[in-house]
There are 2 protein chains.
Amino acid sequence: MDDIDKKILKRLQENARVTISVLSSEISLSMPAISERLKKLEASGVIKQYTAILNPELVDKQLMALVYLSFDNPSHGDSFKNFVVGESDIKECFYITGDFDYSLKIITQNTTTLENLLTRIKEQTGVIKTQTIVVLSSIIDRPSVTIE
Amino acid sequence: MDDIDKKILKRLQENARVTISVLSSEISLSMPAISERLKKLEASGVIKQYTAILNPELVDKQLMALVYLSFDNPSHGDSFKNFVVGESDIKECFYITGDFDYSLKIITQNTTTLENLLTRIKEQTGVIKTQTIVVLSSIIDRPSVTIE
DNA sequence: TGGTAAAAATGGATGATATTGATAAGAAGA
DNA sequence: TCTTCTTATCAATATCATCCATTTTTACCA
């Protein structure tokens with residue numbers, strides 16, 4: 001991955017719908033050259049996905065919360081993973097160091113839907129401790145890793 | 001925003017580089033109609049951004065950490081925000097309820113770069129307490145909010 | 001250093017895709 | 001019912017992406 005690839009990635013992070021012809025003129029490389037590099041970046045897995053970032057308030061997801069939880073023993077990891085994958089309002093799930101085992105980021109409609117989700121979480125077998133923190137405001141929320 | 005708009009958004013979340021002609025045939029609506037709806041969704045701010053999600057391991061960002069911090073009084077919010085905006089390894093910064101004032105999600109190169117960033121964070125005026133949690137593994141990491 | 005093979009870039013032609021403008025269909029309100 | 005606004009379609013044009021043959025560049029090794 002050289003400087004040209006980094007320029008392509010940086011541009012696609014800013015705007016994933018940028019055309020190859022625009023990339024071509026900005027980077028001063030022919031369109032087929034850009035196109036081939038892009039295909040390789042996609043095939044190699046450097047680019048995981050192209051996605052549209054939506055405004056949460058405008059699609060009726062007004063509440064963000066962070067939930068931490070612990071299990072009585074580590075054997076419940078697989079079933080918990082299946083649960084988490086099926087809950088579309090759980091946006092992040094990390095296995096972490098510290099007092100808790102997992103951290104979750106939840107983006108949901110309102111306190112009612114949060115309450116229901118928390119109930120489902122606490123019903124998972126092996127969950128012995130949870131802590132919920134409500135996000136009051138988002139200072140920054142950058143997608144993914146960035147190329148310098 | 002009707003069902004057709006939701007279909008467009010859902011598809012763009014899956015793949016932000018999907019062409020209008022593909023959307024047109026999938027949704028059974030003419031290309032100009034899709035194009036116009038898309039422009040409106042962009043102009044209204046429902047679509048905040050199109051971005052490429054990169055593989056952190058393949059762009060040399062191997063370490064994720066969650067940092068919590070408190071201020072001695074609320075007056076330092078503005079300067080802290082400026083600081084956070086300038087630190088590209090800080091991916092999320094939320095003002096939160098609970099024992100701490102802010103939560104940060106950091107994606108960085110290694111323990112050395114994390115240490116340096118933590119030092120800079122603790123140097124911010126008014127910071128009286130921090131806690132750092134290292135992410136061991138990511139179970140799920142979904143971008144943004146989703147349309148059902 | 002010079003020669004060779006592999007990789008990457010270019011240019012022009014072709015095919016696909018997007019936009020424009022004119023027009024028609026459908027819904028809401030007087 | 002008529003008007004008006006919105007949203008759709010169609011056809012033409014313009015733009016864009018891909019393909020393929022050729023050239024240039026890079027990397028490697030004698």
Side-chain angles (χ1 to χ4, degrees), chain A residues 1-62 109 142-148, chain B residues 1-62 109 142-148:
Chain A
M1 197 171 56
D2 61 7
D3 276 359
I4 294 174
D5 284 337
K6 285 181 183 170
K7 279 184 192 169
I8 294 173
L9 291 175
K10 205 170 147 71
R11 199 68 182 77
L12 284 167
Q13 288 204 305
E14 290 168 14
N15 176 15
R17 283 184 72 79
V18 69
T19 60
I20 286 171
S21 77
V22 167
L23 284 170
S24 171
S25 61
E26 284 179 356
I27 297 173
S28 303
L29 205 64
S30 69
M31 282 173 57
I34 296 280
S35 187
E36 214 163 302
R37 280 169 173 271
L38 190 47
K39 281 206 176 69
K40 284 179 186 170
L41 288 168
E42 289 166 357
S44 69
V46 173
I47 298 172
K48 279 167 70 179
Q49 194 189 354
Y50 301 107
T51 194
I53 310 287
L54 309 185
N55 188 329
E57 278 100 54
L58 294 180
V59 293
D60 200 26
K61 297 281 182 173
Q62 315 260 0
Q109 206 171 345
R142 300 188 171 113
S144 179
V145 293
T146 41
I147 301 284
E148 289 83 32
Chain B
M1 197 171 56
D2 60 7
D3 275 0
I4 294 173
D5 283 337
K6 283 181 183 170
K7 279 184 192 169
I8 294 172
L9 292 174
K10 204 170 148 69
R11 198 66 181 77
L12 284 167
Q13 287 203 305
E14 291 168 13
N15 177 15
R17 285 183 71 80
V18 70
T19 60
I20 286 170
S21 78
V22 167
L23 285 170
S24 170
S25 60
E26 284 179 355
I27 297 172
S28 305
L29 203 64
S30 69
M31 282 173 58
I34 296 280
S35 186
E36 212 165 304
R37 281 168 173 271
L38 192 47
K39 281 205 176 72
K40 282 180 186 170
L41 287 168
E42 290 165 357
S44 69
V46 173
I47 297 172
K48 280 168 69 178
Q49 193 189 355
Y50 302 106
T51 193
I53 310 286
L54 308 185
N55 188 328
E57 278 98 54
L58 294 180
V59 294
D60 201 26
K61 297 283 182 172
Q62 315 260 357
Q109 205 168 347
R142 301 189 171 113
S144 179
V145 293
T146 41
I147 301 282
E148 289 83 31

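Each chain gets a letter, A, B and so on, in the order the sequences are listed, and its residues count up from 1.
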Q) Which listed nucleotide (D/dT18, C/dA9, D/dT7) is nearest to the side chain of A/R37? A) C/dA9
Q. Of the nucleotides D/dT18, C/dA18, D/dA8, which one has an atom closest to the side chain of B/I20?
A. C/dA18
Q. Nearest nucleotide by nearest heavy atom, which residue falls closer to the 5' end of DNA chain C, A/E36 or A/P32?
A. A/E36
Q) For the pair made of CD1 in A/I34 and P in C/dG11, what is the distance, rounded to whole Å? A) 14 Å
Q. Does B/S44 use its side chain to pair, donor to acceptor, with the backbone of B/K40 at less than 3.5 Å?
A. yes
Q: Report yes if at least one side-chain N or O of A/T19 is closer than 4.0 Å to OP1 or OP2 of D/dT15; otherwise report no.
A: no
(Q) Any heavy-atom pair between the side chains of A/Q62 and A/Q109 that's under 4.5 Å? (A) no
Q. So which nucleotide from C/dA9, D/dA8, C/dT19 ends up closest to the side chain of A/I4?
A. C/dA9
Q | Whole-Å distance separating the NZ atom of A/K39 from the P atom of C/dA7 | A | 18 Å
Q) Among the nucleotides C/dT10, C/dT19, D/dT18, which one has an atom lying closest to any side-chain atom of A/M31? A) D/dT18
Q: For residues B/L12 and B/L38, determine if any side-chain heavy atom of one lies less than 4.5 Å from a side-chain heavy atom of the other.
A: yes
Q. Between A/S35 and D/dT18, is there a side-chain N or O to OP1/OP2 distance below 4.0 Å?
A. yes
Q.
Can a donor-acceptor pair be found, under 3.5 Å and without considering hydrogens, that links the side chain of A/T51 to the backbone of B/Q13?
A. yes
Q. Of the candidate nucleotides D/dT18, D/dA8, C/dT19, which contains the atom at the shortest distance from the side chain of B/L29?
A. D/dA8
Q) Hey, does A/L58 have a side-chain heavy atom less than 4.5 Å from the side chain of B/M1? A) no
(Q) I need the CD-P distance between B/E42 and C/dA18, as an integer number of Å. (A) 13 Å
Q) How many Å lie between CG on B/D2 and P on D/dT7, as a whole number? A) 9 Å
Q.
Please tell me if B/K40 has a side-chain N or O lying less than 4.0 Å from either OP1 or OP2 of D/dT7.
A. yes
Q: Find the distance B/R17:CZ to C/dA18:P and express it as a whole number of Å.
A: 11 Å
Q: Using a 4.0 Å heavy-atom cut-off across all strands, classify A/S30 as base, sugar-phosphate, or nothing.
A: base
